[in-house]
Amino acid sequence: MTTLFVRQATRQDIPAMSAIRMAVKENQLSDPNKVTMQMYEDYLEKLGRGWVCEVDGLVVGFAYLNLTDDSVWALFVSPQYEGRGVGRQLMDTLLAYSRDNNIGGLSLSTGANTRADAFYQAQGWQRGDMLDDGEVCFSLAL
């Protein structure tokens, strides 16, 4: 079994995180310029907290918590590592941090009828309204 190692993300991880974000097969960005390097930096240092999951020193997934509105800004796994527990490890870390910091609940949105949609439902998130852009909202009480 491959050992997954989750740690807090740093600025040096941004290129790897960006590459993963651009490689995903679902929840693809319609405009790659929508997510800038500045946004990655801001969520690391000003607006939230980020984590990466590594396998043998290679970043294979990442998650970000937006502390301005208690939402999950991102949770993405490299397509080659889907189904290996990376997303679950990242979510567990994000949830533990949220609980440790007395965050009462979280929200997020993701593409409807995707693997992420099923993942969040399986993790106990409550599926909510559908947005005009085809994404579905989720919430989780902590």
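Each residue takes its place number in the sequence, starting with 1.
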Checklist entry - Does a donor on one side chain and an acceptor on the other come within less than 3.5 Å for T36 and Q38? => result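 Distance-only check fails for T36 and Q38.
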
Checklist entry - Any luck finding a side-chain donor-acceptor pair between T10 and D13 under 3.5 Å? => result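 Short answer, yes.
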
Item to check | E41, CD atom: more than 12 neighbouring heavy atoms under 6.0 Å | outcome: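 Correct, the count exceeds 12.
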
Next on the checklist: Please check if the number of heavy atoms outside D133 that lie under 6.0 Å from its CG is greater than 12.
Outcome noted: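 Atom CG in D133 is packed in, count exceeds 12.
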
Next on the checklist: Please give me the minimum heavy-atom distance between V52 and A9, naming the atom from each residue.
Outcome noted: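 In terms of heavy atoms, the two residues are closest at CG1-CB, 3.9 Å.
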
Checklist entry - What pair of heavy atoms forms the shortest contact from P79 to K25, and how long is it? => result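 Shortest heavy-atom contact: CB-NZ, 3.3 Å.
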
Item to check | Those residues that, when tested against F119, pass ring pair (Phe, Tyr, Trp, His ring centres under 6.0 Å) (two or more places apart) | outcome: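 Expected list: none.
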
Check whether any side-chain heavy atom of [X] lies under 4.5 Å from a side-chain heavy atom of [Y], and answer yes or no.
{"X": "V60", "Y": "E54", "result": "no"}
{"X": "L108", "Y": "L140", "result": "no"}
{"X": "C53", "Y": "F5", "result": "no"}
{"X": "F76", "Y": "M17", "result": "no"}
{"X": "L95", "Y": "L142", "result": "yes"}
{"X": "I20", "Y": "V59", "result": "yes"}
{"X": "V86", "Y": "L4", "result": "yes"}

Is a side-chain donor or acceptor of [X] paired with a backbone partner of [Y] at a separation under 3.5 angstrom?
{"X": "E26", "Y": "R115", "result": "yes"}
{"X": "N101", "Y": "I103", "result": "no"}
{"X": "S98", "Y": "L94", "result": "yes"}
{"X": "T114", "Y": "D117", "result": "yes"}

Checklist entry - What pairs of residues pass the salt bridge (charged side-chain N to carboxylate O under 4.0 Å, His left out) test when at least one of them lies in residues 89-109, not counting sequence neighbours? => result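 Qualifying pairs: R88-D92.
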
Item to check | Aromatic contact, W73 with F62 (centres under 6.0 Å) | outcome: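 Not under 6.0 Å, so no.
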
Next on the checklist: Ring centroids only, cut at 6.0 angstrom: are W51 and Y64 within range, meaning strictly under it?
Outcome noted: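 Ring centres of Y64 and W51 not closer than 6.0 Å.
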
Item to check | Check against salt bridge (Lys or Arg N to Asp or Glu O under 4.0 Å), E45 and R11 | outcome: CA-CA 9 Å; E45 299 172 0; R11 293 174 133 228; 2.6 Å; yes

Under a 4.5 Å side-chain heavy-atom rule over Ile, Leu, Val, Met, Phe, Trp and Tyr, are [X] and [Y] clustered together?
{"X": "L44", "Y": "L65", "answer": "no"}
{"X": "V24", "Y": "L75", "answer": "no"}
{"X": "V77", "Y": "W125", "answer": "yes"}

Item to check | Chi angles and distances behind the side-chain contact (heavy atoms from CB on, under 4.5 Å) call for L47, L67 | outcome: CA-CA 6 Å; L47 307 174; L67 293 170; over 6 Å; no

Item to check | Atom pair OG/CZ of S139 and R127 - distance to nearest 0.5 Å | outcome: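 Output value for this atom pair is 12.0 Å.
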
Checklist entry - What is the distance from atom OH of Y43 to atom CE of M39, rounded to the nearest 0.5 Å? => result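 Y43 OH to M39 CE: 5.5 Å, rounded to 0.5 Å.
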
Item to check | CA sep, side-chain torsions, deciding dist, call: T93, L90, side-chain contact (heavy atoms from CB on, under 4.5 Å) | outcome: CA-CA 5 Å; T93 301; L90 287 163; 5.8 Å; no

Checklist entry - Between F138 and Y120, how do the two ring planes meet: parallel, tilted or perpendicular, split at 30° and 60°? => result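 The rings of F138 and Y120 sit tilted, inter-plane angle from 30° to 60°.
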
Next on the checklist: Go through it in stages, so that I can follow the logic: the residues are S109 and L131, the test is side-chain contact (heavy atoms from CB on, under 4.5 Å), and I'd like the CA-CA distance, side-chain angles, deciding distance and then a yes or no.
Outcome noted: CA-CA 9 Å; S109 65; L131 302 174; 4.1 Å; yes

